[in-house]
Amino acid sequence: MKIFNTLTRRKDEFVPLEPGKVKMYVCGPTVYNYIHIGNARPMIVFDTVRRYFEYKGYEVNYVSNFTDVDDKIIKKAIEEGVDADTISKRYIAECKKDMEGMNVKPATTHPLATEEICGMLEMIQSLIDKGYAYKAEDGTVYFRVKAFKEYGKLSHKNLDDLQSGFREIKVTGEEGKEDSADFVLWKPKKDGEPFWESPWCNGRPGWHIECSVMSRKYLGEQIDIHAGGEDLIFPHHENEIAQSEAANGKTFANYWMHNAFLNIDNKKMSKSLGNFFTVREISEKYDLQVLRFFMLSAHYRSPLNFSAELMEASKNGLERILNCVSRLNDFLKTAADGGMTEAETAAKAELDSLVAKYEAAMDDDFNTADAISAIFEMVKLANSTASEGSSQAWLKTVKDTIEKLCDVMGIITEKKEEMLDSEIEEMIAARQQARKEKNFALADEIRGKLLEKGIVLEDTREGVKWRRA
Ligand code: AMP
Ligand code: ZN
């Protein structure tokens with residue numbers, strides 16, 4: 001298997017640290033709002049990477065954090081008059097619902113920054129002891145970038161250029177730095193902010209240290225793959241390397257994988273630009289499988305522009321696969337036992353070569369776009385060879401193959417009976433009426449029926465909201 005490695009800037013052959021095992025860490029979201037579909041791209045992409053490793057027989061230890069202490073969380077908490085913990089807990093729960101909807105497997109471990117402060121204090125202290133970090137007068141602890149000789153190796157930046165670039169940017173509160181390129185490991189608390197005691201000052205961690213600490217705790221000092229969106233290459237991942245390699249004296253991760261952006265009108269989708277759709281919004285219009293299929297229709301290192309047309313195309317493409325599997329299931333109900341005919345044996349050989357094509361695409365840096373093309377070719381083959389008169393052996397082989405390869409993409413091939421928006425609205429209105437009449441048993445029954453069809457209701461201050469689970 002070949003993986004494009006940001007560190008070496010080429011496709012490297014994958015050699016695991018331990019045979020048959022993959023240790024991977026994927027930087028997770030900062031939880032202060034619903035995740036947007038840009039955040040969903042790394043989740044879907046790296047879940048697919050994980051699934052493909054599992055398909056190949058590897059045991060994957062997959063760690064992905066939630067950043068639950070951050071300026072944006074604190075700001076939101078102040079706006080709502082609640083504590084930061086309430087905000088982060090709420091959006092972690094919402095994020096997990098979205099992940100489930102997108103069929104993203106839960107990580108082996110989902111650590112939270114606020115629960116790993118002890119480990120951070122320990123790593124920061126060891127960096128100070130080794131001369132890689134220092135405390136400024138106000139209690140801020142900085143990483144001493146020039147002490148780490150390989151700084152810049154991931155982002156392919158030169159320290160001199162970085163220093164002159166940073167000299168232009170003066171960050172308030174960071175006047176105590178020895179050098180403009182140094183970055184914060186620990187900072188003093190401000191009024192009203194959550195804080196922890198430390199040997200340097202009451203305060204909270206900088207953003208980068210959490211991943212170095214969690215990765216080491218849950219995966220060990222050395223890991224196979226570290227991943228995230230390409231905006232994380234610098235400074236986040238560069239700083240993670242500096243922290244981890246300075247603290248552990250070992251190569252941190254052997255392969256660095258980065259997904260390109262999900263764009264809208266060719267601009268990065270982001271909360272700060274306000275040009276985003278949340279996964280929740282999309283779930284009101286589409287089954288989230290469509291979103292997943294759309295994300296995988298492009299190679300993960302190519303920018304992907306979000307548009308209604310592409311979503312429609314993905315919906316149709318997905319439908320084609322689901323219809324095919326559903327027909328195969330129907331034929332199987334009545335198919336007589338028996339082996340393959342000669343023609344079916346020939347079709348099986350063709351199917352095998354398509355499986356090889358799929359695997360070759362995935363082995364080549366997870367080219368899901370080409371892998372999906374191979375699935376479409378299998379669908380075409382199934383549609384042209386399977387019928388009521390087909391042998392059970394052939395029907396089962398082709399169906400199982402398509403299902404297995406779709407599962408690697410995280411696509412569930414079982415067809416859900418979709419309810420139309422208008423039908424849902426009608427049932428919600430009936431439930432509201434029942435509630436008005438204090439017939440709560442009926443109201444609950446309607447809610448239950450909707451849930452069976454995969455429709456989740458949420459009673460909010462603005463009225464009843466629904467989404468597809
Ligand atoms: P954040 O919550 O901003 O730290 O982002 C969580 C993850 O989503 C990181 O891996 C980001 O790189 C990734 N990400 C954020 N916006 C986009 C986007 N528009 N396209 C692709 N990945 C993104
Ligand atoms: Zn990280």
Side-chain angles (χ1 to χ4, degrees), residues 6 24-47 49 62-73 76 87-88 91-92 94-95 98-99 102 104 107 109-113 116 120 123 154-155 183 185 205-219 223 225-244 252-253 256-279 282 291-292 294-296 298-307:
T6 309
M24 73 187 276
Y25 186 99
V26 181
C27 293
T30 307
V31 278
Y32 65 102
N33 208 332
Y34 289 100
I35 56 163
H36 62 68
I37 57 175
N39 303 133
R41 191 170 189 193
M43 287 179 182
I44 292 171
V45 160
F46 298 116
D47 177 63
V49 166
Y62 190 101
V63 176
S64 189
N65 63 312
F66 286 113
T67 299
D68 63 344
V69 54
D70 171 87
D71 289 342
K72 290 178 252 152
I73 300 173
K76 177 99 171 178
I87 299 291
S88 57
Y91 290 111
I92 287 171
E94 297 299 349
C95 178
D98 287 338
M99 284 168 64
M102 297 186 293
V104 169
T109 316
H110 275 294
L112 308 182
E116 307 290 344
M120 297 191 217
M123 191 179 276
L154 179 72
S155 52
F183 60 89
L185 297 173
W207 169 36
H208 315 295
I209 192 75
E210 69 181 80
C211 292
S212 287
V213 168
M214 295 170 180
S215 182
R216 181 169 77 177
K217 177 164 172 191
Y218 296 100
L219 296 170
I223 66 171
I225 300 173
H226 196 112
E230 67 182 6
D231 52 338
L232 300 188
I233 299 173
F234 188 85
H236 185 53
H237 287 164
E238 195 68 66
N239 291 354
E240 279 189 39
I241 291 179
Q243 295 164 158
S244 294
F252 178 28
W256 287 84
M257 294 181 72
H258 294 99
N259 65 274
F261 290 143
L262 176 75
N263 293 330
I264 192 154
D265 298 329
N266 297 310
K267 276 196 217 76
K268 181 194 173 195
M269 185 175 285
S270 73
K271 292 206 179 112
S272 52
L273 291 175
N275 59 349
F276 64 89
F277 290 109
T278 61
V279 170
I282 297 300
L291 180 68
R292 180 158 187 141
F294 157 77
M295 293 282 187
L296 298 177
H299 188 266
Y300 76 92
R301 282 189 294 111
S302 306
L304 177 58
N305 216 26
F306 181 78
S307 71

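Just follow the structure's listing: the first ligand is 1, and inside any ligand the first atom is 1.
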Ignoring hydrogens and geometry, is there a side-chain-to-backbone donor-acceptor pair from T6 to W256 under 3.5 Å?
-> yes
Does CZ in F277 sit with more than 12 non-hydrogen atoms of other residues, nucleotides or ligands closer than 6.0 Å?
-> no
How many angstroms lie between atom OG of S244 and atom CZ of F252, to the nearest 0.5 angstrom?
-> 3.5 Å
What's within reach of the Zn ion (ligand 2), meaning protein N/O/S atoms under 2.8 Å?
-> C27 SG, C211 SG, H236 NE2, E240 OE2
Atoms of ligand 1 close to D231 [distance to a heavy atom under 4.0 angstrom, numbered from 1] | 11 (C), 12 (O)
Could you list which atoms of ligand 1 come closer than 4.0 Å to a heavy atom of G229?
-> 10 (O), 12 (O)
Quick check, are the ring centers of H208 and H237 under 6.0 angstrom apart?
-> no
Could you grab the distance from atom CE of M120 to atom CG of L185, nearest 0.5 Å is fine?
-> 11.5 Å
Does S270 come within less than 4.0 Å of ligand 1, judged by its heavy atoms?
-> no
Starting from atom 19 (N) of ligand 1, which protein heavy atom do you reach first, and at what distance in Å?
-> M269 O, 2.8 Å
Within a distance under 4.0 Å of any heavy atom of A260, pick out the atoms of ligand 1 and give their elements.
-> 21 (C)
With a 3.5 Å cut-off and sequence neighbours excluded, list the donor-acceptor pairs that the side chains of residues 34-46 form with protein atoms.
{"from": "H36", "atom 1": "ND1", "to": "G38", "atom 2": "N", "distance (Å)": "2.9"}
{"from": "H36", "atom 1": "ND1", "to": "N39", "atom 2": "N", "distance (Å)": "3.3"}
{"from": "N39", "atom 1": "OD1", "to": "H36", "atom 2": "N", "distance (Å)": "3.1"}
{"from": "R41", "atom 1": "NH1", "to": "A260", "atom 2": "O", "distance (Å)": "3.0"}
{"from": "R41", "atom 1": "NH1", "to": "F261", "atom 2": "O", "distance (Å)": "2.9"}
{"from": "R41", "atom 1": "NH1", "to": "S302", "atom 2": "O", "distance (Å)": "3.0"}
{"from": "R41", "atom 1": "NH2", "to": "H299", "atom 2": "O", "distance (Å)": "3.1"}
{"from": "R41", "atom 1": "NH2", "to": "S302", "atom 2": "O", "distance (Å)": "2.8"}

Out of N39, V31, L232, whose heavy atom is nearest to atom 9 (C) of ligand 1?
-> L232
Within-shell test, H258 vs ligand 1, heavy atom, strictly < 4.0 Å | no
May I ask you to check if ligand 1 and L262 share an N or O to N or O distance below 3.5 Å?
-> yes
